[in-house]
Protein chains: 2
Amino acid sequence: MKQEVESMLKSKEINPTVNRMLVLDYLLELKSSISLTDLELSLESFDRVTLYRTLKTFEERGLVHKIEDGMGITKFAICQDSCKAGMHHDLHVHFYCHNCKQTFCLPKTQIPEVKLPENYQRQEMELIVKGICSACAK
Amino acid sequence: MKQEVESMLKSKEINPTVNRMLVLDYLLELKSSISLTDLELSLESFDRVTLYRTLKTFEERGLVHKIEDGMGITKFAICQDSCKAGMHHDLHVHFYCHNCKQTFCLPKTQIPEVKLPENYQRQEMELIVKGICSACAK
DNA sequence: ATAAAAATTGCAATACAGTTGCATGCTGTT
DNA sequence: AACAGCATGCAACTGTATTGCAATTTTTAT
Ligand SMILES: [Mn+2]
Ligand SMILES: [Mn+2]
Ligand SMILES: [Zn+2]
Ligand SMILES: [Zn+2]
């Protein structure tokens, strides 16, 4: 397990420090995304700034992606697969649950194409669907 | 003109004070949306809190809608038409320009339907397209 | 293995958007 | 004119994001 986490960091050219391995391990367990504040609450021994910079590094190297959850909170989630440093391929839908306040990646749900007005040049897209998640719907 | 602004406020059951008429007038001139901070810079004579509460009232009465611009900034824009107090019909796409940092409503560009995984219940959607706006593309 | 260099971390401080409480001022009504 | 109710401004507070710098850890080169 620890071996796996370490090589995952190395493959993204991230120095595998103890801290970073613990953070990555935690993110991998997680079913949804997490905000910096919630991460700080979950991993109490870490300084907030360290977690901030850890997430920033992870994002820059293509290991996690940033999600605007649609309620003004920034969250982070492990990238699915093909993301590289400075190159995220993150065209899936995100789902915000009004009940549990969690934000889920829906990697199998692609963002459909939209036709923009004349002269608008698209570079990225974000689609946030809000409602009740499957766990809360039961 | 002033007459028009006043009756617009009244039709949404908002008390037409001098301040509110000036803010609404400014918003109507605007081609794109605006953040609280930028509004404060544009209308210097107003206190930030007054503008905050003005926008909040406008939003609650269905006169403006709130936009998460995808970069963590909340912006406000005049509603198109059928919005009522507590009931926004805001399923159009928003466009964020990386060059001028403005966020545009694209009222003619609807958000396409997406099929969610089993048991997810949709209530709202937000689609932000990022890139270069038509003015900056020239 | 050790020393030097480079990267990482923690603490303190700052920046900044959003929000609330309260005293004051304004407006319309009796 | 007196009153009630809403609107406004100021000060203060919250919460998140971000930076500077010194201390510590990790890596690299002897
Ligand atoms: Mn995602
Ligand atoms: Mn809009
Ligand atoms: Zn839920
Ligand atoms: Zn532009």
Side-chain angles (χ1 to χ4, degrees), chain A residues 2 5-7 9-26 33-61 63-77 85 96 101-103, chain B residues 2 5-6 9-10 12-26 33-61 63-77 85 96 101-103:
Chain A
K2 189 156 288 183
V5 169
E6 183 173 342
S7 64
L9 286 170
K10 283 181 177 167
S11 78
K12 297 287 183 177
E13 299 187 328
I14 299 168
N15 222 330
T17 66
V18 177
N19 278 358
R20 287 168 174 173
M21 287 196 284
L22 286 169
V23 171
L24 177 53
D25 191 51
Y26 183 83
S33 60
I34 192 165
S35 67
L36 175 58
T37 299
D38 286 343
L39 189 60
E40 191 187 5
L41 293 173
S42 301
L43 301 175
E44 285 189 6
S45 64
F46 294 81
D47 185 84
R48 179 183 183 81
V49 178
T50 300
L51 293 171
Y52 167 76
R53 287 194 268 233
T54 298
L55 290 171
K56 196 177 179 203
T57 300
F58 284 7
E59 203 227 337
E60 286 166 356
R61 306 295 163 83
L63 187 55
V64 306
H65 60 283
K66 207 184 273 197
I67 307 169
E68 286 289 331
D69 82 343
M71 305 294 284
I73 307 271
T74 302
K75 294 177 181 173
F76 297 86
Y96 175 83
K101 319 295 188 213
Q102 292 193 85
T103 304
Chain B
K2 188 155 288 186
V5 169
E6 183 172 341
L9 285 170
K10 283 180 176 166
K12 296 287 183 177
E13 300 189 325
I14 300 168
N15 221 329
T17 66
V18 176
N19 278 358
R20 287 168 175 172
M21 288 197 284
L22 286 168
V23 172
L24 177 53
D25 191 51
Y26 183 83
S33 59
I34 193 165
S35 67
L36 175 57
T37 299
D38 286 344
L39 190 60
E40 192 188 4
L41 292 172
S42 302
L43 301 176
E44 285 189 7
S45 64
F46 295 81
D47 185 83
R48 178 183 183 80
V49 178
T50 301
L51 293 172
Y52 167 75
R53 286 193 267 232
T54 299
L55 289 172
K56 197 178 179 201
T57 300
F58 284 8
E59 204 227 338
E60 287 166 356
R61 306 293 162 85
L63 188 54
V64 306
H65 61 283
K66 206 183 276 196
I67 307 168
E68 286 290 330
D69 83 343
M71 305 294 284
I73 309 270
T74 301
K75 294 177 180 172
F76 297 86
Y96 175 84
K101 318 295 187 214
Q102 292 193 84
T103 304

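Only heavy atoms go into these numbers, but all of them, side chains included; no hydrogens, no water, no symmetry mates. Numbers restart at 1 for each chain; the letters A, B, ... are given by sequence-line order, proteins then strands.
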NA contact type, A:T74, heavy-atom cut-off 4.0 Å: base, sugar-phosphate, or nothing? sugar-phosphate
Does B:Y52 have a side-chain nitrogen or oxygen under 4.0 Å from the phosphate oxygens OP1 or OP2 of C:dT19? yes
Considering the options B:D38, B:T37, B:T103, which one meets the side-chain hydrogen bond (donor to acceptor under 3.5 Å, both in side chains) requirement together with B:K75? B:T103
Rounded to whole angstroms, how far apart are CG on B:L9 and P on C:dT27? 16 Å
When you get a sec, tell me which of C:dA17, D:dT8, D:dG20 is the closest nucleotide to the side chain of A:R53? D:dG20
Let me know the distance between CG of A:L55 and C1' of D:dT18, rounded to the nearest Å. 14 Å
Both B:V49 and B:V18 contact DNA chain C. Which one's nearest nucleotide lies toward the 5' end? B:V49
Quickly work out the A:L43 CG to C:dG10 C1' distance and round it to whole Å. 16 Å
Between the CG atom in B:L63 and the CD atom in B:E13, the distance rounded to the nearest 0.5 Å is 12.5 Å
Could you state the CD-C1' distance from A:E68 to C:dA17, rounded to the nearest angstrom? 13 Å
Taking atom C1' of C:dC16 as reference, at what distance in whole Å does atom CE of B:M71 sit? 16 Å
Look at all strands and tell whether A:I73 reaches a base, only sugar-phosphate, or nothing, counting heavy atoms closer than 4.0 Å. nothing
Using a cut-off of 4.0 Å on non-hydrogen atoms, how would the nucleic acid contact of A:F46 be classed: base, sugar-phosphate, or nothing? nothing
Rounded to the nearest 0.5 Å, how far apart are CZ of A:F76 and CG of A:L39? 9.0 Å
Check the phosphate of D:dA7 against B:T17, side-chain N and O only, distance under 4.0 Å to OP1 or OP2. Yes or no? no
Of the nucleotides C:dT9, D:dT19, D:dT16, which has the atom closest to the A:R48 side chain? D:dT16
Will you find, in the side chains of A:S33 and A:Q102, an N or O donor that is under 3.5 Å from an N or O acceptor? no
Have a look at B:S35 and say if it touches a base, only the backbone sugar-phosphate, or nothing, with a 4.0 Å heavy-atom cut-off. nothing
Interatomic distance, A:I14 CD1 vs D:dT27 C1' [rounded to whole Å]: 17 Å
Distance, nearest 0.5 Å, that separates OH of B:Y96 from CE of B:M71: 4.5 Å
Toward the 5' end of DNA chain C, which comes first, A:T57 or B:G72, by nearest nucleotide? A:T57
Separation of atom CG in B:L51 from atom P in D:dA7, rounded to whole Å: 15 Å
Spacing between B:K56 atom NZ and C:dA17 atom P, to the nearest angstrom: 19 Å
To the side chain of A:D47, which of C:dT19, C:dT8, C:dC11 is closest? C:dC11
Nearest-neighbour nucleotide for the A:N15 side chain, D:dT16, D:dG20, D:dT27 considered: D:dT27
